[in-house]
Amino acid sequence: MSDKLDILIFGAHADDAEIGMAGTIAKHVAAGRSIGICDLTQAEMSSNGTVEIRREEAKQAAEVLNLKVRTNLGLPDRGLFVTPEHVERITAEIRKHAPSIVFAPYWEDRHPDHVAASRLVEEAVFNAKLRRYLPELPPVKVDELYFYFINDIGRTDLIVDVTEHYGTKEQALSCYRSQFEKTDENSVSTPLTEGYIERVRARDSLLGARSLIPYAEGFASKSPYTVHLFGSKQA
């Protein structure tokens with residue numbers, strides 16, 4: 001089986017990509033795109049759950065979304081920094097899968113790991129095309145880099161109508177019971193256990209409201225977004 005992907009999505013932790021863009025993932029899988037997620041850490045510093053539980057939850061969510069591949073680089077949770085080693089690991093993942101499009105967390109967020117992941121992926125996308133960088137791996141030029149929102153919404157350059165696939169998003173999020181529910185007496189209250197999924201649903205509804213879309217997911221880009229003809233909407 002080829003490692004080639006159409007779209008590769010990076011998150012600092014399992015559930016980041018689902019929070020930000022599970023509807024978009026489901027929509028593109030339904031359209032025949034091959035999609036993978038790479039989680040940078042095992043989320044070993046999470047207040048609830050364990051590494052083993054979160055690994056199984058990520059596997060279940062990947063099955064719900066029908067991902068082609070889901071990997072985990074095992075970088076340190078709360079230890080993500082722009083270091084040569086971390087950039088090299090992410091660059092190698094990009095070169096392995098040669099995606100046309102890469103997604104990363106938005107560059108502003110209350111969680112420092114999301115901010116660090118954003119910067120790391122941006123650095124790796126740039127380095128991936130340099131033929132003298134990690135010369136043992138063929139260079140890869142990523143066509144587009146987009147940023148998705150996790151906790152905080154920033155500037156939104158484009159939205160995707162995910163209404164028809166929103167049930168799949170909710171099903172994927174429900175796989176992460178250890179994060180979004182108090183599953184036992186050892187669970188502690190966090191922002192994630194206090195109605196977080198309901199807030200994500202409200203956010204996605206608000207993002208679509210201006211365009212009369214029931215549910216939408218928003219994205220940002222640091223590069224100009226090409227419009228071939230004003231007055232025509234891109235799919």
Side-chain angles (χ1 to χ4, degrees), residues 5-11 13-37 39 57-70 99-106 108-109 114 118 143-177 179-181 191-221 223 225-235:
L5 295 172
D6 296 313
I7 298 172
L8 178 58
I9 301 151
F10 288 93
H13 321 95
D15 76 16
D16 287 348
E18 288 88 342
I19 291 169
M21 57 178 294
T24 299
I25 293 170
K27 184 170 187 173
H28 283 74
V29 168
R33 306 295 194 274
S34 59
I35 299 182
I37 292 177
D39 304 311
E57 290 173 339
K59 179 181 177 182
Q60 292 172 8
E63 292 172 354
V64 168
L65 294 171
N66 200 21
L67 298 177
K68 184 175 181 181
V69 65
R70 184 166 206 155
S100 300
I101 302 172
V102 167
F103 286 85
Y106 186 64
E108 293 180 359
D109 191 275
H114 300 163
S118 184
D143 294 330
E144 303 287 347
L145 171 62
Y146 296 111
F147 301 87
Y148 63 90
F149 305 118
I150 305 176
N151 295 307
D152 305 314
I153 298 178
R155 89 174 193 220
T156 304
D157 296 314
L158 61 149
I159 62 172
V160 175
D161 182 351
V162 296
T163 306
E164 292 185 11
H165 301 275
Y166 209 76
T168 303
K169 174 169 184 166
E170 292 181 317
Q171 187 180 353
L173 288 174
S174 72
C175 294
Y176 296 98
R177 290 188 63 240
Q179 300 307 296
F180 300 123
E181 301 177 23
L192 298 183
T193 62
E194 304 303 315
Y196 189 86
I197 291 180
E198 288 77 7
R199 291 196 297 276
V200 171
R201 187 183 301 116
R203 176 197 70 187
D204 295 345
S205 177
L206 183 62
L207 279 168
R210 186 172 179 180
S211 299
L212 301 180
I213 296 171
Y215 292 105
E217 291 171 338
F219 301 91
S221 174
S223 300
Y225 184 64
T226 302
V227 174
H228 297 285
L229 195 66
F230 282 104
S232 63
K233 296 201 173 184
Q234 303 290 310

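The chain is numbered in sequence order, starting from 1. Predicted model, so just to flag it, every value in this text is computed and none were measured.
The shortest side-chain heavy-atom distance between Ile25 and Ile37 falls under the 4.5 Å cut-off.
Heavy atoms only, all atoms of each residue included: Leu65 and Ala22 are closest at CD2-O, 3.8 Å. The shortest non-hydrogen separation linking Ala14 to Asp39 is CA-OD1, 3.6 Å. Across all non-hydrogen atoms, the minimal contact from Glu217 to Val162 is OE1-CG1, 3.6 Å. Taking each heavy atom of Gly218 and Ile159 in turn, the nearest pair found is CA-CG2, 4.1 Å.
Between Tyr106 and Phe149, the ring-plane angle classifies as perpendicular under the 30° and 60° cut-offs. Note on ring orientation: taking the six-membered ring where Trp is involved, the planes of His13 and His114 are perpendicular (angle over 60°, cut-offs 30° and 60°).
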Open item on the list: For Ile19 and Tyr196: C-alpha separation, side-chain torsions, deciding distance, then whether side-chain contact (heavy atoms from CB on, under 4.5 Å) applies.
Closed with: CA-CA 10 Å; Ile19 291 169; Tyr196 189 86; 3.7 Å; yes
- [ ] Run the numbers on His165 and Tyr215 for side-chain contact (heavy atoms from CB on, under 4.5 Å), then give the verdict.
- [x] CA-CA 9 Å; His165 301 275; Tyr215 292 105; over 6 Å; no
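Taking OH from Tyr146 and CG from Leu158, the interatomic distance works out to 6.0 Å, rounded to the nearest 0.5 Å. Taking CE of Met21 as the reference point, atom CD1 of Ile7 lies at 6.5 Å (rounded to 0.5 Å). Between atom CG of residue Leu8 and atom CD1 of residue Ile35 there is a gap of 10.0 Å, rounded to the nearest 0.5 Å. Going from atom CG of Leu145 over to atom CZ of Phe10 covers 10.0 Å, rounded to the nearest 0.5 Å. In this structure, OG on Ser174 lies 10.0 Å from CD on Glu57, to the nearest 0.5 angstrom. Annotation: the span from Ile9 atom CD1 to Leu67 atom CG amounts to 7.0 Å, rounded to 0.5 Å.
Residues passing the salt bridge (charged side-chain N to carboxylate O under 4.0 Å, His left out) test with Asp204 are Lys169, sequence neighbours excluded. When the salt bridge (charged side-chain N to carboxylate O under 4.0 Å, His left out) test is applied to Glu108, no partner is found at least two apart in sequence or on another chain. By the salt bridge (charged side-chain N to carboxylate O under 4.0 Å, His left out) test, Arg177 pairs with Glu181, sequence neighbours left out. Residues passing the side chain to side chain contact (heavy atoms under 4.5 Å, CB included) test with Glu63, sequence neighbours excluded: Lys59.
Residues in residues 152-163 take part in these salt bridge (Lys or Arg N to Asp or Glu O under 4.0 Å) pairs, two or more places apart or across chains: Arg155-Asp157. Applying the salt bridge (Lys or Arg N to Asp or Glu O under 4.0 Å) definition to pairs two or more places apart or across chains, those involving residues 17-35 are Glu18-Arg70.
Using modelled atom types, one finds no donor on one side chain facing an acceptor on the other under 3.5 Å when comparing Ser100 with Asp6.
Between Tyr148 and Phe219, the distance separating the two ring centers is not shorter than 6.0 angstrom.
Side chain of Ser118 to main chain of Ala104: no donor-acceptor pair is present (N/O by atom type, distance under 3.5 Å, no hydrogens or angles). Put simply, the side chain of Gln171 never gets that close to the backbone of Val64: no donor and acceptor are under 3.5 Å apart. Without hydrogens or angle criteria, Asn151 side chain to Asp109 main chain gives no donor-acceptor distance under 3.5 Å.
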